[in-house]
A.B. asks: 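Here it is, the structure in full.
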There are 2 protein chains.
Amino acid sequence: MSLRYALLALLRVGPMSGYDLQKQFSQSVGHVWYAPDSQIYPELRRMEADKLVEAEEQPRGERATRRLYHVTDAGDRAFRDWIAAPLEYQRVKDQSHLKAAYLETGTAENARAFFERHRAQWQAELDQWNRELARIDGDEHPMLQRRLAVTAPADRERTIAFKRHTYEGLVERARIEIAWAERGLELPDS
Amino acid sequence: MSLRYALLALLRVGPMSGYDLQKQFSQSVGHVWYAPDSQIYPELRRMEADKLVEAEEQPRGERATRRLYHVTDAGDRAFRDWIAAPLEYQRVKDQSHLKAAYLETGTAENARAFFERHRAQWQAELDQWNRELARIDGDEHPMLQRRLAVTAPADRERTIAFKRHTYEGLVERARIEIAWAERGLELPDS
DNA sequence: CAGGGCATGTAAAGCGTTACATGATTCA
DNA sequence: TGAATCATGTAACGCTTTACATGCCCTG
């Protein structure tokens, strides 16, 4: 159900097509939520049926059309309701920690490979999130700039503060995963 | 697909019924993986069809039966293969960070409630994991004890080390989530 | 006129959650 | 005999992934 709100969050900044939205998922929100195109297009249709968005059909050349989606008032309300609603936490399901708990079943080499991979994986995430933070600080973040443009001046600082805080949290998450992997590599017999 | 391996991990220690397995998910592995009974029973049947486990039917009183599951050689191999296989990491999808990024949409009170809840949630996880760690150290961990009983003496230290390391990672994860929530509460205007 | 990017989807299968449903045994 | 616990499932639904599928437009 979060995909719907991730899409609304993006569309509240300005109208976009399914294709545009999909590309956004490789940047900005894409670092906290992601979906393939095959999920985005049907979800947009469902949101249209639920009157959360409206499509403006634009002809492309002779035959093709492009559907540009706008958030409706109902969509805006739905987003605000989601923001106000308490988040339902579900129990932790963590594949890497599940496997880590049973690593003694395999060889030392196996365990080493596991932790190396874990470190590399989170290092890549860390790099991305740090890059996002640098772009926020350097005023080079395209979606944030568009968002600030439609934000009352008094709220701009607040908007930036929440955005920074989000990425700082992700950066720290990545850091502890890396540290955990490194301690794993130092474990006797791994 | 991880449920299957979580179940195999438990069954490798000794035969259990679906009901027993379900209860284990409120302890031990339950802290890294979880499933409701309605998912466990069908999964056990599928694993039986795939010859990873075998059921021993035990009569209970006059009419009822209890299906006690044993891991087969194929099941043991499947588990070892899973341990040896590199983990497929998927892109981060984090509901709480998704919402956190758009908290400026709501009121300051709303943001405060969000972070309070986040802190409480992770504090509860932290308490559980710390309790698990204490039980490991105090030799009071039932599943671990059963596992050590079927483990070669030379491998026992290693088994404990991986188990401890897993929970230490979870504990640190919880700590940074709490710290992040607390910094969120100190954000201007939240 | 070819290649890269723009643009939109369908289909099938798997995984997971929630709700529903039932009944037996054991102990107080 | 009533409550707690043991014990096992089905059904419906929704979300997500993966694979498949198509075709136009623009630039060099």
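Reminder, nothing fancy here: chain letters follow the sequence lines and each chain counts from 1. Here the structure is a predicted model, which means the values were calculated and not measured.
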A.B. asks: Could you check A:Asp37 against A:Tyr34 and say which one's nearest nucleotide on DNA chain D is further toward the 5' end?
C.D. replies: A:Tyr34
A.B. asks: Let me know the distance between CD of B:Glu43 and P of C:dT17, rounded to the nearest Å.
C.D. replies: 13 Å
A.B. asks: What does the B/S/- profile of nucleotides 22-28 of chain D look like, 5' to 3', with a 4.0 Å heavy-atom cutoff to protein?
C.D. replies: --BS---
A.B. asks: Round to the nearest Å and state the distance from B:Glu88 atom CD to D:dT17 atom P.
C.D. replies: 13 Å
A.B. asks: Rounded to whole angstroms, how far apart are CZ on B:Arg66 and C1' on D:dT8?
C.D. replies: 12 Å
A.B. asks: Taking the side chain of A:Lys23 as its heavy atoms from C-beta onward, which of C:dG9, C:dC6, D:dT16 lies nearest to it?
C.D. replies: C:dC6
A.B. asks: Taking only the side-chain heavy atoms of B:Gln22 (C-beta and beyond), determine which of D:dT18, C:dT8, D:dT8 contains the nearest atom.
C.D. replies: D:dT8
A.B. asks: Take atom CD of A:Gln95 and atom P of D:dT16, then tell me their distance rounded to the nearest Å.
C.D. replies: 16 Å
A.B. asks: Can you work out whether B:Tyr41 or B:Gln90 has the more 5'-proximal nearest nucleotide on DNA chain D?
C.D. replies: B:Tyr41
A.B. asks: Identify whether any heavy atom of A:Ser38 sits under 4.0 Å from a base atom; if not, whether one sits that close to sugar-phosphate; answer base, sugar-phosphate or nothing.
C.D. replies: base
A.B. asks: Under the salt bridge (Lys or Arg N to Asp or Glu O under 4.0 Å) definition, can you give me all pairs with a residue in residues 20-37 of chain A, not counting sequence neighbours?
C.D. replies: A:Asp20-A:Arg66
A.B. asks: Could you check, using the six-membered ring where one of them is a Trp, whether B:His118 and A:Tyr89 have ring centers closer than 6.0 angstrom?
C.D. replies: yes
A.B. asks: Looking only at side-chain N and O atoms, does B:Gln39 come under 4.0 Å of OP1 or OP2 in C:dT17?
C.D. replies: yes
A.B. asks: Measure the distance from OH on B:Tyr5 to C1' on C:dG14 and round it to the nearest whole Å.
C.D. replies: 14 Å
A.B. asks: Considering only D:dT18, C:dG16, D:dT16, which nucleotide approaches the side chain of A:Pro36 most closely?
C.D. replies: D:dT18
A.B. asks: Tell me whether the rings of A:His165 and B:Trp180 are parallel (<30°), tilted (30 to 60°) or perpendicular (>60°).
C.D. replies: parallel
A.B. asks: Could you give the OH-to-P distance, from B:Tyr19 to D:dT5, as a whole number of Å?
C.D. replies: 8 Å
A.B. asks: Any salt bridge between A:Glu177 and A:Arg119, counting N to O under 4.0 Å?
C.D. replies: no
A.B. asks: Check the phosphate of C:dG9 against A:Arg45, side-chain N and O only, distance under 4.0 Å to OP1 or OP2. Yes or no?
C.D. replies: yes
A.B. asks: Round to the nearest Å and state the distance from A:Leu68 atom CG to C:dA7 atom P.
C.D. replies: 10 Å
A.B. asks: Is it true that B:Trp82 and A:Tyr102 have ring centroids separated by less than 6.0 Å?
C.D. replies: no
A.B. asks: Return the value, rounded to whole Å, for the distance between atom CD1 of B:Ile40 and atom C1' of D:dC6.
C.D. replies: 14 Å
A.B. asks: Does A:Asp76 pair with A:Arg80 as a salt bridge, N-O distance under 4.0 Å?
C.D. replies: yes
A.B. asks: Ignoring hydrogens and angles, state whether a donor on the side chain of B:Gln95 or A:Glu88 is under 3.5 Å from an acceptor on the partner side chain.
C.D. replies: no
